[in-house]
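To keep things clear, I will list the structure first and then write my remarks on it.
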Amino acid sequence: MKIKGLVIATVFALSSVTAVFAADNESITDQTGWGNSAGTFQSGFRNFSGTGQVGIRNNSTTIQHGAFNESGTAQFGRRNDSLTVQQGLGNVSGTLQFGRGNNSQTYQSGVGNNSVTIQH
């Protein structure tokens, strides 16, 4: 029982999930280590999501629906994954990945969206 409780507590400590339904909201997640997961869902207008991860095998997922939302993801390390999905108009996405074996995917649908990805 003690090991099971420790495993469950570790999973909750290493994962972050945020959901927002409104306007002018801000979500900032910062994780260090390995095997971290961060998930953000925002629906509305002028929302901001920022995710920073340092380490190995981290995962970031950001989903935004609405207009004029902004998303930024920065990952430093190895074998990190980033997924950004934006639906609506005037959305902006930026992804920075530094290290080896990183993967980034950005999907945008709508009008007037902008995206930049830098991998080094």
Report the C-alpha distance between Phe76 and Leu96 in whole Å, list the side-chain angles of each, state the deciding distance to 0.1 Å, and finish with yes or no for side-chain contact (heavy atoms from CB on, under 4.5 Å). CA-CA 8 Å; Phe76 301 88; Leu96 300 172; 5.6 Å; no
Which heavy atom of Ala38 sits nearest to which heavy atom of Gln31, and what is that distance? CB-OE1, 3.7 Å
Mind telling me whether Phe98 and His120 have parallel, tilted or perpendicular rings, with 30° and 60° as the class edges? perpendicular
Residues which pass side-chain contact (heavy atoms from CB on, under 4.5 Å) with Thr106, listed by chain and number, not counting sequence neighbours: Thr84, Ser93, Thr95, Ser104, Gln108, Ser115, Thr117
Residues in side-chain contact (heavy atoms from CB on, under 4.5 Å) with Ile63, at least two apart? Phe41, Thr61, Val85
Please report the shortest heavy-atom distance between Gly66 and Asn91, naming the atom on each side. O-ND2, 3.5 Å
For residues Ser82 and Thr73, report the shortest heavy-atom separation together with the two atoms involved. OG-CG2, 3.8 Å
Give me the atom names and distance for the closest heavy-atom approach of Asn113 to Gly90. OD1-N, 3.3 Å
Could you check whether any side-chain heavy atom of Glu70 comes within less than 4.5 Å of a side-chain heavy atom of Ser49, counting everything from C-beta outward? no
For residues 53-75, which residue pairs qualify under ring pair (Phe, Tyr, Trp, His ring centres under 6.0 Å), counting only residues two or more places apart or in two chains? none
Thr29 and Ser27, any side-chain heavy atoms less than 4.5 Å apart: yes
In Å and rounded to the nearest 0.5 Å, what is the CD to CG distance from Gln53 to Asn80? 6.5 Å
Under the ring-ring contact (aromatic ring centres under 6.0 Å, His included) test, residues paired with Phe48 that sit two or more places apart: none
Go through the steps for Gln86 and Ser71 under the test side-chain contact (heavy atoms from CB on, under 4.5 Å), then give the verdict. CA-CA 9 Å; Gln86 293 179 316; Ser71 171; 3.8 Å; yes
Those residues that, when tested against Asn103, pass side-chain contact (heavy atoms from CB on, under 4.5 Å) (two or more places apart): Asp81, Gln105
Would you check if the side chain of Asn47 reaches a backbone N or O of Asn25 as a donor-acceptor pair within less than 3.5 Å? yes
Calculate, to the nearest 0.5 Å, the distance between atoms CG and CZ belonging to Asn58 and Arg79 respectively. 13.0 Å
Please list, chain by chain and in numerical order, all residues satisfying side chain to side chain donor-acceptor pair (under 3.5 Å) with Gln97, sequence neighbours excluded. Gln75, Gln119
The criterion is side-chain contact (heavy atoms from CB on, under 4.5 Å); which residues satisfy it with Arg78, sequence neighbours excluded? Ile56, Arg100
